Amino acid sequence: MAALARITRRAITTKLSSGHVIHRALSTSAAATPSTSASDTKTITPSPDRVKWDYRGQRQIIPLGQWLPKVAVDAYVAPNVVLAGQVTVCDGASVWAGSVLRGDLNKITVGFCSNVQERCVIHAAWASPTGLPAETSIERFVTIGAYSLLRSCTIEPECIIGQHSILMEGSMVETHSILEAGSVLPPGRRIPSGELWAGNPARFVRTLTHEETLEIPKLAVAINDLSRNHFSEFLPYSTVYLEVEKFKKSLGISI
């Protein structure tokens, strides 16, 4: 037993002394390494060719792969609208607050002087029930009511889609037609030209009068005129000019 105790003590002493030597060696090597001074540090300047992008959670324009949404110069798109992928907003068109246009699978087009009102959701699928490409096409002078859902459908010129309506894949609304609020147009269903449809599923109600068809583009033009007032508040160079005009008036300077 005494021999075993001596061997154990010798092993512990050897282990501690070797660890102490290693610790001293590491301390010596660290002390020998010169510290890096502030003058030796290099500042990295970003390249001027680097593309700056806004990666916040809420973005208005979202590119997907090679597709980038296109918005005409005189089109009004509200600040909290989301445009993603293959989306085109043409001249004089307006997309109002809270709407989402998601063109990740196919194209979405909002035509001349058409308007997509608040909280609408527009999407395009891979293909229609017939197997053909299913773009979502909204042509000129079309009014899409608030809270509507459009998916891979075609709306020809001068039509009105009422609020809370749903248009499913492959459906079509021909020119000079009206779909009443809260209606559902099933997949592949077509509304002929000059007719009023309503219901869930949507059914023929009556033929529109000539006066009613003339009022359809007037509504789109009126909403386009209203968007001009909103558009002036979101100019690329802010609205400082309004304060300048106010200051000139206070000084009696003619504008």
Side-chain angles (χ1 to χ4, degrees), residues 49-128 132-161 165 167 169-173 175 217 219-239:
D49 299 332
R50 183 178 180 181
V51 178
K52 294 182 179 180
W53 190 256
D54 188 0
Y55 287 98
R56 292 178 296 178
Q58 177 67 32
R59 286 185 289 159
Q60 187 181 45
I61 304 297
I62 301 177
L64 294 176
Q66 60 179 334
W67 305 109
L68 178 67
K70 300 177 182 178
V71 180
V73 176
D74 61 343
Y76 169 70
V77 178
N80 60 342
V81 168
V82 176
L83 307 178
Q86 309 174 63
V87 179
T88 302
V89 182
C90 297
D91 299 336
S94 58
V95 184
W96 295 80
S99 296
V100 178
L101 282 67
R102 183 161 64 90
D104 52 354
L105 302 179
N106 222 314
K107 296 180 181 180
I108 297 175
T109 304
V110 181
F112 172 76
C113 206
S114 294
N115 59 88
V116 178
Q117 298 180 13
E118 291 82 2
R119 302 290 179 182
C120 289
V121 177
I122 301 178
H123 186 228
W126 278 113
S128 63
L132 299 175
E135 303 176 3
T136 299
S137 177
I138 301 172
E139 299 189 19
R140 61 186 184 277
F141 297 106
V142 173
T143 297
I144 307 296
Y147 296 93
S148 295
L149 171 62
L150 281 65
R151 181 176 172 86
S152 299
C153 59
T154 301
I155 303 176
E156 293 187 350
E158 301 184 16
C159 293
I160 296 178
I161 307 300
S165 296
L167 282 73
E169 293 88 344
S171 59
M172 173 181 287
V173 181
T175 183
L219 176 60
V221 173
I223 296 177
N224 180 39
D225 294 339
L226 179 62
S227 68
R228 298 300 96 190
N229 299 330
H230 294 263
F231 185 78
S232 63
E233 295 298 323
F234 300 100
L235 292 175
Y237 301 103
S238 74
T239 56

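Computed from a predicted structure; not experimentally measured. By convention here, the first residue in the shown sequence is residue 1.
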Original post:
Given side chains that start at C-beta, do those of Ile61 and Leu68 come closer than 4.5 Å, heavy atoms only?
Top reply: yes
Original post:
Which atom pair, heavy atoms only, marks the closest approach of Ile144 to Cys120?
Top reply: CG2-SG, 3.9 Å
Original post:
Side chains of Arg228 and Asp74: does their closest heavy-atom pair fall under 4.5 Å?
Top reply: yes
Original post:
Do the side chains of Val116 and Val81 get nearer than 4.5 Å, heavy atoms only?
Top reply: no
**OP:** Tell me, with the steps shown, if Val71 and Val95 meet side-chain contact (heavy atoms from CB on, under 4.5 Å).
**Re:** CA-CA 10 Å; Val71 180; Val95 184; over 6 Å; no
Original post:
Does Val77 offer a backbone N or O that forms a donor-acceptor pair with the side chain of Gln60 under 3.5 Å?
Top reply: yes
Original post:
So which of Ile62, Leu101, Asp104, Val110 actually passes side-chain contact (heavy atoms from CB on, under 4.5 Å) with Val87?
Top reply: Leu101
**OP:** Could you check Ile155 against Leu150 for side-chain contact (heavy atoms from CB on, under 4.5 Å), going step by step and ending with a plain yes or no?
**Re:** CA-CA 10 Å; Ile155 303 176; Leu150 281 65; 3.5 Å; yes
**OP:** Indicate yes or no: at least one non-hydrogen side-chain atom of Gln117 is less than 4.5 angstrom from one of Thr143.
**Re:** yes
Subject >> Phe112 backbone acceptor or donor facing Asp91 side chain under 3.5 Å >> reply: no
Original post:
Nearest 0.5 Å, what's the OG1-CG distance between Thr136 and Leu167?
Top reply: 9.5 Å
Original post:
In terms of heavy-atom contacts, does CZ of Arg151 have more than 12 from other residues, nucleotides or ligands at under 6.0 Å?
Top reply: yes
**OP:** Measure across Ala220 and Val142 and return the closest heavy-atom pair with its distance rounded to 0.1 Å.
**Re:** CB-N, 4.4 Å
Original post:
Do any N or O atoms from the side chain of Thr109 and from the backbone of Ile138 form a donor-acceptor pair under 3.5 angstrom?
Top reply: no
Subject >> Distance in Å, Arg102 CZ paired with Gln86 CD, rounded so as to fall on 0.5 Å steps >> reply: 12.0 Å
**OP:** Return the minimal non-hydrogen interatomic distance between Glu118 and Ser99, and the atom names on each side.
**Re:** C-OG, 4.0 Å
**OP:** Indicate yes or no for a side-chain donor-acceptor contact from Glu139 to the backbone of Glu156 under 3.5 Å, with no hydrogens or angles considered.
**Re:** no
Original post:
Parallel under 30°, tilted from 30 to 60°, perpendicular over 60°: which one fits the rings of Trp96 and His230?
Top reply: perpendicular
**OP:** Before giving the answer on side-chain contact (heavy atoms from CB on, under 4.5 Å), spell out for Cys113 and Val221 the whole-Å C-alpha distance, their side-chain angles and the decisive distance to 0.1 Å.
**Re:** CA-CA 7 Å; Cys113 206; Val221 173; 4.2 Å; yes
Subject >> Minimal non-hydrogen separation, Gly111 against Cys90, with atom names >> reply: C-CB, 3.8 Å
Original post:
How far apart are the closest heavy atoms of Thr175 and Cys159, and which atoms are they?
Top reply: CA-SG, 3.8 Å
Original post:
What closest approach, in Å, do Ile108 and Ala124 show between heavy atoms, and which atom pair accounts for it?
Top reply: CG1-CB, 4.2 Å
Subject >> Evaluation steps, side-chain contact (heavy atoms from CB on, under 4.5 Å), between His123 and Val100 >> reply: CA-CA 8 Å; His123 186 228; Val100 178; over 6 Å; no
Original post:
Can you tell if the side chain of Ser94 reaches within under 4.5 Å of the side chain of Ile223, non-hydrogen atoms only?
Top reply: yes
